[in-house]
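Order of the sequence lines fixes the chain letters, A, B, ..., with proteins taken first and strands second; residue numbering starts at 1 for each chain. As the structure is a computational prediction, the values presented were derived from the model and not from experiment.
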Amino acid sequence: MNQFSYMRPSNLKAAIDAVAKDTSARFIAGGTNLLDLMKNGVVIPEKLVDINRLPLKDIQLNKDILHIGALVLNSELAAHELVITYHPLLSQALLAGASQQLRNMATVGGNMMQRTRCSYFYDTTMPCNKRVPGSGCGAIGGINRMHAIFGASSDCIAVHPSDMCVALTALDATVLVAGPKGNRRIPFGDFHRLPGNTPQTDNTLGKGEIITAVEIPSNAFTKNVYYLKVRDRASYAFALVSVAAALDISNNIIRGARLAMGGVAHKPWRLREAEQTLIGKAPTTENFRVAANIAMTSAIAYKHNAFKIPMAHNTIITALQKAAAI
Amino acid sequence: MSQEPNNQESCQHKKEKYEARRDFLKQSSAMMALALAPPLVMKAAKNDEAIAAIFEKVPVSMEINGKAYNLSLEPRVTLLDLLREQLNLTGTKKGCDHGQCGACTVHVNGQRINSCLTLAVMQEGKKITTIEGLAIGEQLHPVQEAFIKHDGFQCGYCTPGQIMSAVACLREGHAGSAAEIREFMSGNICRCGAYDNIVDAIMEVKQGGQTV
């Protein structure tokens with residue numbers, strides 16, 4: 001690992017100032033992704049600003065809105081009574097990600113900030129527009145089994161690796177951000193971005209901006225929810241495809257539906273049209289199949305990941321069946 | 001290996017044997033390194049030290065296996081490297097060094113983590129427990145006993161991480177069934193494939209109701 005200087009600010013302003021004024025400085029919270037990237041020479045910060053002392057560790061329910069501090073640990077959030085009671089989809093998604101050791105280190109903010117696990121991004125001997133803009137994409141003509149089927153560009157076909165973010169997208173969360181120019185709120189679906197011709201930028205945060213919390217509005221998705229993750233082994237692997245499904249069913253009619261996918265795009269992939277087709281319908285496999293057909297219409301495969309299209313289609317149907325308990 | 005745990009005397013004998021082997025390896029590799037080091041390499045090492053001095057060392061206090069440590073560390077030292085390379089606590093293993101294998105699992109303030117993916121300077125004021133801190137004197141921890149009884153290892157390299165993870169798994173209440181144990185132990189990879197026996201060992205401690 002390259003050398004760097006280290007500071008541990010005790011208040012938010014000092015942390016923001018430290019990163020806003022120094023182009024090579026980075027925040028560190030759990031460190032589970034950043035230190036890995038630093039060991040590989042993918043990211044070489046000259047200064048690390050340890051934010052673990054900042055007071056961003058609260059979980060509270062205010063007027064039906066669940067407020068989750070950015071430094072809440074993934075393991076703590078997954079096991080929290082308020083999350084299990086009001087947003088079980090989030091708990092399921094968190095437990096599908098990483099291992100208990102990593103969840104004990106990884107924070108909510110850090111989970112959102114983690115980088116793609118595209119092997120060309122990690123391998124500094126290969127071209128990668130995300131790592132070195134303009135160097136090309138090794139994955140497009142290379143081994144692209146793990147890569148995107150939605151929203152990719154001719155510059156980047158990497159996918160976002162998070163499970164937690166897939167659930168938060170489905171749950172219409174909001175990201176709270178503080179920065180040199182003050183505070184702002186970002187709808188979760190607008191936080192991560194598609195690669196376009198600037199794949200080096202994963203999200204819409206500005207320099208020196210820091211995630212302070214995530215908020216989830218109240219919803220009716222407390223019972224019929226399911227997070228289904230398909231991967232190369234039963235546990236502790238990144239998704240080939242994952243689906244977050246949430247249904248609000250009464251009198252055998254779907255009143256509300258949320259669907260989002262992981263492992264398929266540069267950001268958590270919300271399936272709004274598929275959601276709409278389910279409203280007012282009965283929770284049947286045939287209706288779920290129609291929704292899955294709609295969800296997959298814009299999918300594009302590369303040489304090694306064509307299997308993801310039927311897999312994603314089937315995963316949507318199965319996740320909805322599990323959510324509806326049919 | 002026998003199905004019954006060995007008595008303490010033979011455990012002690014084994015321990016001495018392993019330590020003697022480790023000391024031999026350390027001495028012989030150190031002598032080899034000196035013999036092979038050309039003057040240029042020695043000079044480069046000196047330059048590295050000068051560069052290192054620019055980056056300030058950070059004072060860090062922590063408690064490891066009940067003992068207080070006041071250290072001065074380069075920020076880039078991981079907790080794993082501190083334990084192994086500076087404090088000679090080599091029970092904690094470096095497998096992948098990228099958070100993928102779990103061999104480096106230790107407890108920080110009672111929670112299991114991968115020590116390869118955290119900086120030692122981030123552990124200021126924390127209480128660390130490594131595999132060396134699990135037994136009470138010569139009395140093995142119940143999970144250690146169970147691993148021996150059930151043959152929960154072959155080559156043994158992943159074992160310290162498996163045991164630290166297993167103890168935490170039991171304390172967390174995630175050992176309710178074989179399926180739950182498998183899920184919550186999935187962060188510890190065993191390339192020999194001792195998984196079935198590891199699950200048996202954890203199940204036995206859970207069913208025995210022993211305090212872990």
Give a yes or no on whether [X] atom [atom1] has more than 12 heavy-atom contacts from other residues, nucleotides or ligands under 6.0 Å away.
| X | atom1 | value |
| --- | --- | --- |
| B/K127 | NZ | no |
| A/K21 | NZ | no |
| A/Y86 | OH | no |
| A/I143 | CD1 | no |
| A/K322 | NZ | no |

Quick one, [X] and [Y] - any side-chain contact, counting heavy atoms below 4.5 Å?
| X | Y | value |
| --- | --- | --- |
| A/Q101 | B/N188 | yes |
| B/Q111 | A/L73 | no |
| A/L102 | B/L117 | yes |

Interatomic spacing from [atom1] in [X] to [atom2] in [Y] - rounded to 0.5 Å:
| X | Y | atom1 | atom2 | answer |
| --- | --- | --- | --- | --- |
| B/R112 | A/S75 | CZ | OG | 9.5 Å |
| B/H98 | A/N33 | NE2 | CG | 12.0 Å |
| A/R233 | B/S186 | CZ | OG | 7.5 Å |
| A/Q100 | B/S165 | CD | OG | 8.5 Å |
| A/N52 | B/Q123 | CG | CD | 9.0 Å |
| A/S99 | B/E183 | OG | CD | 10.0 Å |

Contact origin within [X] toward chain A - heavy atom pairs under 4.5 Å:
| X | answer |
| --- | --- |
| B/E172 | side chain |
| B/I189 | side chain |
| B/C169 | neither |
| B/V58 | side chain |
| B/T118 | both |

* Does A/R8 use its side chain to pair, donor to acceptor, with the backbone of B/V121 at less than 3.5 Å? ->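 At least one qualifying donor-acceptor pair exists.
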* Are any side-chain N or O atoms of A/N104 and backbone N or O atoms of B/I113, one a donor and one an acceptor, separated by less than 3.5 Å? ->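 Side chain of A/N104 to backbone of B/I113, a donor-acceptor pair under 3.5 Å: no, none is there.
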* Passes side-chain contact (heavy atoms from CB on, under 4.5 Å), A/L95 versus B/F184? Steps please. -> CA-CA 9 Å; A/L95 291 175; B/F184 279 87; 4.3 Å; yes
* Pick one of side chain, backbone, both or neither for A/A29, based on which atoms fall under 4.5 Å of a heavy atom in chain B. =>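 The backbone, not the side chain.
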* To do: Please report the C-alpha distance between A/D50 and B/L119 in whole Å, then the side-chain angles of each, then the deciding distance to 0.1 Å, and finally whether the side-chain contact (heavy atoms from CB on, under 4.5 Å) criterion is met.
  => CA-CA 10 Å; A/D50 179 349; B/L119 298 172; over 6 Å; no
* **Working for side-chain hydrogen bond (donor to acceptor under 3.5 Å, both in side chains), residues A/D36 and B/Q100** => CA-CA 10 Å; A/D36 191 23; B/Q100 296 174 4; 5.0 Å; no
* To do: For residues B/C101 and A/Y236, report the shortest heavy-atom separation together with the two atoms involved.
  => N-OH, 4.2 Å
* **Nearest heavy atoms of B/M122 and A/I28, plus distance in Å** =>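 That would be SD-CD1, 3.9 Å.
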